[in-house]
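Computed from a prediction, not measured in an experiment: that's the story for all the values here. Just so you know, residue 1 is the first one in the sequence shown, and it goes up from there.
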Amino acid sequence: MITLNRNKYKLCLLDTNGLSLLLKDPKKWFNFLHNEFNLGKTILCYSVYTIGELKVKEELFEKFLELFSSFPSVVLDGLDSLFKKEVSSYDSNSIINPILFAPHGIEVNDPNRLSLIRTLFQNKDINEKFEYWKNGRTDVIEGILELIKNFPPKGEKYTVKEINRFVELAGFSQLAIRDATFCKSILDKKRVVNIKKFPSINMITLFVFYKYYKDRRINPKESDVFDLIISSLIPYVDIFISEGNSIEILRQIKRNHNYPKDLDYYSIKEIAKK
């Protein structure tokens, strides 16, 4: 939840599939969203990676530009910028704002509507970052599969204690890879690095476990990588809309770990039946 002009708003995160379906049938989706929770008190949001995926589908991208040139929404942080905010707030415990920017405010009849979005994906650094993740998806998947054999359950099934241990080990490994200097500064002070202060890493690690380790999944898809990246934003929103597999993973995480505590979530199929 965020506060704007002294008013509190919930953040509703749509993943790429959810946003795509909204663009194809906005009337039905907006009716659902309005009936399920007050849209006047809720802001729709999406990842910068979702916009990158939409951009390769020109027709959907144009619908996106047209719809959100008049309807309020916000773009949420990318994986790296969110992580940097978590590092900066580690000792201060300051509240992290996951919003990158809000493209709304441009009139529909403005020929440069949502020029921020167009400019964003003309930016060399943004394009290189998106292409880096896009082209490296196979390596990421292979790396995940390679790690599975290194963390077998002691019994027939993983216990919650074992899962929590996995999150600690894998989470710290990610921290060390992404910011070794920060980790060293904490360890030099004889302190333990608290992984829970990095909700983005905590969430991704849980998603990885329940998606691949719990059922020993051996048929991952390249598209899973962007799903994992988008999952890093889940602790920072109030509502999450996604396809069934991600929602089932969230149900298991909430049931076993009560995390994220106050999150509401809906599957695309659930909405289609409304």
Side-chain angles (χ1 to χ4, degrees), residues 10-26 28-30 32-33 36-37 39 42-57 60-61 63-65 67-68 71-82 98-100 103 117 120-121 129-130 133-134 137 140-141 144 199-212 217 220-254 259-260 262-274:
K10 289 184 176 182
L11 290 177
C12 175
L13 174 61
L14 296 156
D15 75 352
T16 305
N17 290 327
L19 184 57
S20 296
L21 289 176
L22 181 149
L23 295 172
K24 293 174 182 177
D25 192 359
K28 177 174 182 176
W29 274 68
F30 279 122
F32 167 80
L33 295 172
E36 197 69 27
F37 39 81
L39 270 180
T42 305
I43 298 177
L44 299 184
C45 54
Y46 36 85
S47 164
V48 66
Y49 296 102
T50 287
I51 301 174
E53 289 187 279
L54 284 180
K55 194 172 184 299
V56 301
K57 303 173 182 177
L60 274 182
F61 187 62
K63 286 183 179 181
F64 165 78
L65 293 176
L67 178 60
F68 288 105
F71 194 86
S73 67
V74 293
V75 182
L76 299 187
D77 271 315
L79 187 64
D80 292 336
S81 56
L82 187 60
I99 296 174
L100 187 60
I117 297 292
L120 182 68
F121 281 89
K129 180 67 70 175
F130 183 77
W133 282 107
K134 181 179 178 182
R137 288 179 294 181
V140 172
I141 292 297
I144 289 171
S200 66
I201 290 180
N202 204 44
M203 194 76 248
I204 287 179
T205 308
L206 281 167
F207 248 75
V208 166
F209 183 88
Y210 281 91
K211 199 174 187 73
Y212 301 105
R217 181 179 172 184
K221 301 175 293 185
E222 286 188 343
S223 59
D224 289 347
V225 174
F226 282 135
D227 291 341
L228 293 174
I229 291 173
I230 291 173
S231 75
S232 68
L233 294 164
I234 293 175
Y236 293 98
V237 301
D238 305 281
I239 304 156
F240 181 54
I241 297 175
S242 181
E243 47 83 28
N245 180 253
S246 293
I247 297 303
E248 178 54 34
I249 288 173
L250 267 177
R251 287 194 180 103
Q252 293 180 57
I253 292 173
K254 287 205 72 173
Y259 181 79
D262 298 317
L263 179 75
D264 291 322
Y265 44 83
Y266 301 84
S267 73
I268 292 169
K269 285 186 177 180
E270 288 174 337
I271 297 173
K273 294 177 182 178
K274 299 290 185 178

Next item on the list: Please assess Y265 against I241 for the test side-chain contact (heavy atoms from CB on, under 4.5 Å), listing each intermediate value before the final yes or no.
Entry: CA-CA 6 Å; Y265 44 83; I241 297 175; over 6 Å; no
Next item on the list: Check side chain to side chain contact (heavy atoms under 4.5 Å, CB included) between L21 and all other residues, then give those that pass, not counting sequence neighbours.
Entry: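 Testing L21 for side chain to side chain contact (heavy atoms under 4.5 Å, CB included), a comparison that skips the adjacent residues, returns K24, W29, I268.
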Could you tell me whether the side chain of [Y] reaches within less than 4.5 Å of the side chain of [X], counting heavy atoms only?
X: L33; Y: I239; result: no
X: F68; Y: L19; result: yes
X: L13; Y: I230; result: yes
X: F30; Y: L44; result: yes
X: I43; Y: I99; result: no
X: F240; Y: L233; result: no
X: L76; Y: Y236; result: no

Notebook entry, point to check: Please, which pairs that meet side chain to side chain donor-acceptor pair (under 3.5 Å) have at least one residue in residues 11-23, sequence neighbours excluded?
Noted result: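 Matches after skipping sequence neighbours: D15-S242, T16-T50, T16-E53.
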Next item on the list: Please assess N245 against K211 for the test side-chain contact (heavy atoms from CB on, under 4.5 Å), listing each intermediate value before the final yes or no.
Entry: CA-CA 9 Å; N245 180 253; K211 199 174 187 73; 2.8 Å; yes
Item checked: F61 and F64 aromatic ring geometry - parallel, tilted or perpendicular at 30°/60° bounds ->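 Parallel: the ring planes of F64 and F61 meet at under 30°.
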Nearest atoms (heavy-atom pairs only) where [X] meets [Y]:
X: S232; Y: L82; answer: O-CD2, 3.6 Å
X: G78; Y: Y49; answer: CA-CE1, 3.9 Å
X: P260; Y: I234; answer: CG-CG2, 3.9 Å

Show me the donor-acceptor pairs, under 3.5 Å and distance only, between side chains in residues 200-207 and residues at least two apart or in other chains.
unit_1, atom_1, unit_2, atom_2, d
S200, OG, E86, OE1, 2.7
S200, OG, E86, OE2, 3.2
T205, OG1, I201, O, 2.7

Notebook entry, point to check: Taking the side chain from K254 and the backbone from L263, do they hold a donor-acceptor pair closer than 3.5 Å?
Noted result: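 Yes, K254 side chain to L263 backbone: donor-acceptor pair under 3.5 Å.
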Under the rule for salt bridge (Lys or Arg N to Asp or Glu O under 4.0 Å), what residues qualify as partners of [X], not counting sequence neighbours?
X: E243; answer: none
X: K10; answer: none
X: D238; answer: none

Margin query: Please report the interatomic distance SG(C45) to CG(D77), rounded to the nearest 0.5 Å.
Written below: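 So the SG of C45 and the CG of D77 are separated by 11.0 Å.
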